Amino acid sequence: MRKTLLAASAVLISLSGAAYAQTTIVTQDPVTTNSTVVLPGEVRTYVMEQSVPSISYEGEVAVGAALPETVEVRRVEGYDDYAYTVVNDRRVIVNPQTRTVIQVLE
């Protein structure tokens, strides 16, 4: 009887270990998740302090979306990797080379 219980316990333990081994973890590339990029504090402060007119735009203004050439973007002084504009009353930080939205400031 004791051998039967030990054998049954061993089977249960091995099955529970197999169940843990079956766990699936799904990860996504940060570029496609629309996650927030951590900006230097000076860039955010600079963009928030600038007084620029808002541009009306019918397209989507979201992280990863590229703004058309008709939308004027301005460089952030001292930070060549960042530019900004105000679209539909929302301040956005963009990559000046690709015009891709990096972050939408709220």
Side-chain angles (χ1 to χ4, degrees):
M1 175 83 168
R2 184 176 176 145
K3 287 184 180 180
T4 305
L5 286 174
L6 288 174
S9 296
V11 169
L12 287 175
I13 290 172
S14 66
L15 288 176
S16 66
Y20 286 116
Q22 298 290 327
T23 302
T24 303
I25 298 173
V26 177
T27 60
Q28 295 179 338
D29 185 353
V31 173
T32 62
T33 62
N34 295 336
S35 63
T36 303
V37 173
V38 178
L39 297 172
E42 297 83 7
V43 171
R44 187 179 198 291
T45 301
Y46 180 86
V47 171
M48 295 302 286
E49 290 176 347
Q50 301 308 303
S51 177
V52 295
S54 179
I55 300 164
S56 289
Y57 176 61
E58 294 293 324
E60 182 181 11
V61 180
V63 174
L67 298 176
E69 293 291 327
T70 57
V71 175
E72 179 185 0
V73 297
R74 303 160 196 265
R75 297 256 180 182
V76 175
E77 288 182 19
Y79 292 88
D80 293 336
D81 293 337
Y82 301 104
Y84 70 97
T85 191
V86 179
V87 180
N88 300 335
D89 296 320
R90 300 171 73 195
R91 292 179 187 269
V92 295
I93 298 178
V94 300
N95 176 319
Q97 286 79 31
T98 64
R99 304 179 64 80
T100 302
V101 176
I102 297 171
Q103 192 171 70
V104 179
L105 301 178
E106 302 295 335

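Source: prediction; values computed, not measured.
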Atom of [X], atom of [Y] and distance for their closest heavy-atom approach:
| X | Y | value |
| --- | --- | --- |
| A62 | V101 | O-CB, 3.3 Å |
| E42 | Y79 | OE1-OH, 3.3 Å |
| S56 | N88 | CA-OD1, 3.4 Å |
| R75 | Y84 | O-CE2, 3.8 Å |

Please check if [X] and [Y] belong to a single hydrophobic cluster, counting links between Ile, Leu, Val, Met, Phe, Trp and Tyr side chain heavy atoms closer than 4.5 Å.
| X | Y | value |
| --- | --- | --- |
| L105 | I55 | no |
| V43 | V104 | no |
| M48 | I102 | yes |

Measure from the side-chain N and O atoms of [X] to the backbone N and O of [Y], and report whether any donor-acceptor pair falls under 3.5 Å.
| X | Y | result |
| --- | --- | --- |
| R99 | L67 | yes |
| N95 | Q97 | yes |
| R91 | R44 | no |
| T85 | E72 | yes |

Quiz item: In this structure, are over 12 heavy atoms from other groups packed under 6.0 Å from Q50 atom CD?
Solution: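 Correct, the count exceeds 12.
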
Quiz item: At what distance, to the nearest 0.5 angstrom, does CG of D81 lie from CG of L39?
Solution: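 One gets 11.0 Å once the value is rounded to the nearest 0.5 Å.
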
Quiz prompt | Value rounded to 0.5 Å, distance of OH in Y82 from CD in Q103 | solution =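 Rounded to the nearest 0.5 Å, the OH-CD separation comes out at 9.0 Å.
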
Practice problem: Using the side chain to side chain contact (heavy atoms under 4.5 Å, CB included) rule, pick out the option among V94, V86, V52 that qualifies with R74. | Solution: V52

Quiz prompt | Qualifying residue, where the test is side chain to side chain contact (heavy atoms under 4.5 Å, CB included) with V92 and the options are V63, V73, V71, V87 | solution = V87

Quiz prompt | Criterion side chain to side chain contact (heavy atoms under 4.5 Å, CB included) on V47 and I93, from CA distance to verdict | solution = CA-CA 8 Å; V47 171; I93 298 178; 4.2 Å; yes

